[in-house]
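Here's the structure, in structure tokens; my notes come after.
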Amino acid sequence: MKKLMLICALGTFGFASVNAATVPVLNSTEIYQETTRVAPENLPQPVKDAIDNDMEDKDARIVSANQRTKDGQMMYEVTFQKEDKTWTKKYDAQGNKVDDDK
């Protein structure tokens, strides 16, 4: 009787360890964002209007503009230069400024 209980206990332990070894564990989530360069004249009109209405940006030269999808929404990253100063601002498709913290 003791041998039968020992065999059952070892069989159960062996079965449990085999099942535990076959369970896959997924630890990471990958988010893909595709960035595309955009010519400044091809920016959406609301983004152009927001730039024209900003006192700091309207006299600056647009060095580069990129569009990217973030959380399913189109965003635009525009880099400006005036004299020796360079800065970047982000806009949504409606021309609203977007903070990096959001």
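Residue numbers count from 1 along this sequence.
- Cluster membership for Val38 and Ile62, using ILVMFWY side-chain heavy atoms within less than 4.5 angstrom, is shared.
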Expected list for residues 80-87: side-chain donor-acceptor pairs under 3.5 angstrom, two or more places apart:
{"unit_1": "Gln81", "atom_1": "OE1", "unit_2": "Arg61", "atom_2": "NH2", "d": "2.7"}
{"unit_1": "Lys85", "atom_1": "NZ", "unit_2": "Glu56", "atom_2": "OE2", "d": "3.2"}
{"unit_1": "Trp87", "atom_1": "NE1", "unit_2": "Asp57", "atom_2": "OD1", "d": "2.9"}

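- Residue pairs meeting the salt bridge (charged side-chain N to carboxylate O under 4.0 Å, His left out) criterion with at least one partner in residues 36-53, sequence neighbours excluded, are absent.
- Residues Ala93 and Pro44 come closest through the heavy atom pair O-CB, 4.3 Å.
- A heavy-atom distance below 4.5 Å is not found between the side chains of Tyr76 and Asp92.
- Following chains of ILVMFWY side-chain contacts shorter than 4.5 Å, one cannot reach Val63 starting from Ile51, and the two form parts of different hydrophobic clusters.
- Hydrophobic clustering of Ile, Leu, Val, Met, Phe, Trp and Tyr side chains at less than 4.5 Å, counting indirect connections, keeps Val47 apart from Val98.
- Counting only heavy atoms from C-beta outward, the side chains of Asn66 and Glu77 approach each other to under 4.5 Å.
- Looking at Asp54 and Lys97, a side-chain N of the basic residue comes within less than 4.0 Å of a carboxylate O on the acidic one, giving a salt bridge.
- In this structure, Gln67 CD and Thr69 OG1 are separated by 7.5 Å, a value rounded to the nearest 0.5 Å.
- Here the CZ atom belonging to Arg68 is positioned 9.5 Å from the OG1 atom belonging to Thr36, to the nearest 0.5 angstrom.
- In plain terms, the two heavy atoms of Gly95 and Ala50 that are nearest each other are O-CB, 3.2 Å.
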